[in-house]
Amino acid sequence: MSAQGPEKQPATTELDARYSSALTPRPGAADVTATEWAEAQRQLEAAEIFWVSTVRPEGRLHVTPVIAAWHAGVLYFSTGPGEQKARNLAHDGHCALTTGGNSLTEGLDLVIEGTAEQVADRAVLEEVIAAFETKYGHHMTSPEGTFHGMGDAIRKGDDMVFAVAPGTAYGFGRDDGVYTHTRWTF
């Protein structure tokens, strides 16, 4: 998967009124609109922790936290080749990455559904490593950092990088009791 070229934009953006405040008589509810994709991208760029959901060969779900970088319209994460998520993705690349907050009244939760593809292109890997280092700073670049050496591990093949281009994405917004449920289809 190449990180080059223009970012893919949603073909459709829909507000699902069934799960939004548009049907609830609350102050501000009548003015509820779909969340703009640009806002979702800002949140994807800023989010530090994501949860990746994969499917085990026997059909059970596997969910685990990962760090990820949104770069050129694609969400990238890494894992060791022997880890459960890597084994699951070798069997079935369909997955979802989720991020957001835990407040009932504020925030934007995001779900990106797509198919994970392992990145092998050296130029793209270098772009992704740079995106991770820029985003996570000293956590990756400092010898005391949690993920120090990750870039070299990727270069040596000790860590795999997966790219997930959105197929469908969902945004669940909360603004002081006014809720939105947006679906973006790519």
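If you read the sequence from its start, that first residue is 1, and numbering goes on from there.
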With sequence neighbours left out, what residues match [X] under side chain to side chain contact (heavy atoms under 4.5 Å, CB included)?
X	result
Asp16	Arg18, Tyr19, His181
Thr33	none
Glu36	none

- Excluding sequence neighbours, so at least two apart, what forms side-chain hydrogen bond (donor to acceptor under 3.5 Å, both in side chains) with Thr54? Asn88

Interatomic distance, [X] atom [atom1] to [Y] atom [atom2] [nearest 0.5 angstrom]:
X	Y	atom1	atom2	result
Asp176	Leu104	CG	CG	10.5 Å
Glu126	Arg122	CD	CZ	8.0 Å
Asp92	Arg56	CG	CZ	13.5 Å
Leu97	Leu110	CG	CG	11.0 Å
Thr35	Phe172	OG1	CZ	10.5 Å

With sequence neighbours left out, what residues match [X] under salt bridge (charged side-chain N to carboxylate O under 4.0 Å, His left out)?
X	value
Arg60	Glu58
Asp152	Arg155
Glu45	none
Glu83	Lys85

Out of curiosity, does [Y] fall in the hydrophobic cluster containing [X] (side-chain heavy atoms, cut-off under 4.5 Å, transitive links)?
X	Y	result
Trp51	Val55	no
Leu15	Tyr170	no
Val111	Tyr179	no
Phe186	Leu44	yes
Val74	Leu125	yes

Any side-chain heavy atom of [X] within less than 4.5 Å of one from [Y]?
X	Y	result
His71	Phe132	no
Met150	Ile67	yes
Phe50	Leu75	yes

- With sequence neighbours left out, the residues meeting ring-ring contact (aromatic ring centres under 6.0 Å, His included) with Phe147 are none

- Return the set of residues passing ring-ring contact (aromatic ring centres under 6.0 Å, His included) with Phe162 (not counting sequence neighbours), or none when no residue passes. Phe77

Any idea which heavy atoms bring [X] and [Y] closest together, and the distance?
X	Y	value
Tyr76	Val119	CE2-CG2, 3.8 Å
Met160	Ala86	SD-CB, 4.0 Å
Leu89	Cys95	CD2-CB, 4.1 Å
Ala34	Thr13	CB-CG2, 3.8 Å
Ile49	Pro65	CG2-CB, 4.3 Å

- Message: Check whether Lys135 reaches the backbone of Ala47 with its side chain - one donor and one acceptor, N or O, closer than 3.5 Å.
- Response: yes

- Val52 vs Thr64, side chain to side chain contact (heavy atoms under 4.5 Å, CB included): CA-CA, chis, key distance, verdict: CA-CA 6 Å; Val52 62; Thr64 188; 3.7 Å; yes

- Message: Is it the case that over 12 heavy atoms from other parts of the model lie below 6.0 angstrom from the NE2 atom of His62?
- Response: yes

- Message: Under the side-chain hydrogen bond (donor to acceptor under 3.5 Å, both in side chains) definition, can you give me all pairs with a residue in residues 102-112, not counting sequence neighbours?
- Response: Asp109-Arg174

- Task: Not counting sequence neighbours, list each pair that qualifies as a side-chain hydrogen bond (donor to acceptor under 3.5 Å, both in side chains) and has a residue in residues 136-148.
- Result: Ser142-Glu144

- Determine, stepwise, if the pair Gln9 / Trp184 fulfils side chain to side chain contact (heavy atoms under 4.5 Å, CB included). CA-CA 9 Å; Gln9 295 298 309; Trp184 300 278; over 6 Å; no

